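Take a look at the structure set out below.
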Amino acid sequence: MTYDEPVARVAILDVDGTMHPRSIGLALLDEMGRRGLGRADAIAAVMTAVAQLRAGSIDFPTMVARSTAAYAAALAGAEQAALAALARETWQTLRGELFAFVRPLIARLMEAGVAPYIVSSSPHEIVALLAADLGVTDCDGSRFAARDGRYTGDCHSMPGALGGKLTLLRQFAAARGASLSRSLALGNGPGDIEVLAAVGRPLVFEAGPPLSAIARTNNWPQVDRINVLDHVALALSA
């Protein structure tokens with residue numbers, strides 16, 4: 001995360017399933033498995049936790065806890081430089097899959113003086129590449145501990161954990177002097193609920209039944225890849 005000059009509004013933007021149709025963190029993990037980088041059993045454990053969530057056999061907080069621990073274990077002993085190189089290679093494939101609205105969205109926010117803040121549970125190593133590609137200075141992803149250039153198997157920060165994104169948003173908005181009541185949030189999953197509730201301009205993107213029901217209860221606009229820019233324009237004009 002970095003901070004620049006003060007702004008009146010910020011926009012916190014989710015990545016996986018919102019700006020990009022896939023989880024960029026899981027795509028990176030899949031490439032780790034293909035290249036023999038990291039522990040195969042821990043990589044499989046991450047995928048199992050995600051599959052269990054999708055099957056409804058575990059809840060979101062349990063999935064976050066299990067997948068975070070397994071992702072950290074998968075990285076244990078791996079060189080930071082090797083993961084950084086693989087992230088760069090993987091992002092070159094993923095960048096062409098960004099939803100078409102993403103680049104115009106970033107441009108529109110910047111033109112309106114709104115500071116975009118990209119936050120994802122995917123590893124910071126690949127989230128930072130996405131942000132840089134879009135010309136966005138401020139971003140955060142999961143941060144895994146390292147010592148002497150190698151990952152230790154611990155996780156410092158997981159935005160998808162309870163309170164994770166909300167804490168980051170509050171810190172970012174406070175540092176920029178921005179009002180949350182005038183700020184925007186764009187997200188599609190359970191990990192975004194707290195930030196959607198915290199801002200004055202929440203936008204729920206192509207959400208599944210649980211979040212969609214919450215959105216209806218709270219009168220949060222539900223948007224899709226076709227009309228999201230129109231809703232952003234409305235939010236910016238309010």
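Computed from a predicted structure; not experimentally measured. Computed from heavy atoms alone, side chains included, the values below leave out hydrogens, waters and symmetry copies.
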For the side chain of H231 and the backbone of L203, is there at least one donor-acceptor N/O pair under 3.5 Å apart?
no
Would the distance check show the side chain of R95 and the main-chain N or O of L129 forming a donor-acceptor pair, the cut-off being under 3.5 Å?
no
Quick one: does any side-chain atom of N218 pair with a main-chain N or O of W220 as donor and acceptor, under 3.5 Å?
no
Taking the side chain as everything from C-beta on, heavy atoms only, tell me whether L229 gets closer than 4.5 Å to P104.
yes
Nearest heavy-atom neighbours spanning V127 and C139:
CG1-CB, 4.2 Å
Can you check whether D230's main-chain N or O pairs, donor with acceptor, with N227's side chain at less than 3.5 Å?
no
List the steps and the verdict of side chain to side chain contact (heavy atoms under 4.5 Å, CB included) for D140 and Y117.
CA-CA 8 Å; D140 268 299; Y117 180 32; 2.7 Å; yes
With sequence neighbours left out, which residue pairs that include part of residues 187-203 fulfil the side-chain hydrogen bond (donor to acceptor under 3.5 Å, both in side chains) condition?
T18-N188, K165-D192
Just do the side chain to side chain contact (heavy atoms under 4.5 Å, CB included) check on D133 and L98 with the steps written out, would you?
CA-CA 11 Å; D133 198 332; L98 279 169; 5.6 Å; no
Can you tell if the side chain of L196 reaches within under 4.5 Å of the side chain of I214, non-hydrogen atoms only?
no
Sequence neighbours left out, what passes ring-ring contact (aromatic ring centres under 6.0 Å, His included) with F144? Give chain and number order.
Y71
Any donor and acceptor pair, going by atom type alone, linking the side chain of S181 with main-chain N or O of G200 inside 3.5 Å?
no
Side chain to side chain, L180 and R170, heavy atoms closer than 4.5 Å:
yes
Does L105 form a side chain to side chain contact (heavy atoms under 4.5 Å, CB included) with M19? I'd like the steps, not just the answer.
CA-CA 10 Å; L105 167 64; M19 300 173 74; 5.7 Å; no
More than 12 non-hydrogen atoms from neighbouring residues, nucleotides or ligands closer than 6.0 Å to CG on L162, yes or no?
no
Where A115 and R176 come nearest, the two heavy atoms and their spacing:
CB-NH1, 3.8 Å
Any donor-acceptor pair under 3.5 Å from S157 side chain to R143 backbone:
no
Test item: V195 and L168 side chains (from C-beta on) under 4.5 Å apart, heavy atoms
no
With a 4.5 Å heavy-atom cut-off, do H124 and H156 have their side chains touching?
no
Residue pair E97 / H20, side-chain heavy-atom distance below 4.5 Å
yes
Would one find more than 12 heavy atoms of other residues, nucleotides or ligands at under 6.0 Å from atom CG of D148?
no
Between D16 (side chain only) and I24 (backbone N and O only), is there a donor and an acceptor less than 3.5 Å apart?
yes
Given the rule in the salt bridge (charged side-chain N to carboxylate O under 4.0 Å, His left out) test, do E31 and R34 qualify, once you have shown the distances and angles that lead to the verdict?
CA-CA 5 Å; E31 286 302 313; R34 293 176 190 274; 3.4 Å; yes
Check whether any side-chain heavy atom of V223 lies under 4.5 Å from a side-chain heavy atom of L186, and answer yes or no.
yes
Are the side chains of M32 and L83 in contact, using a 4.5 Å heavy-atom criterion?
yes
Heavy atoms only: give me the nearest A198-L166 pair and the separation to one decimal.
CB-CD1, 3.6 Å
Look only at the side chain of R225 and the backbone of F99, and say whether a donor-acceptor pair between them is shorter than 3.5 Å.
no
Determine the minimum heavy-atom distance between E125 and S142, stating which atoms define it.
OE1-O, 4.3 Å
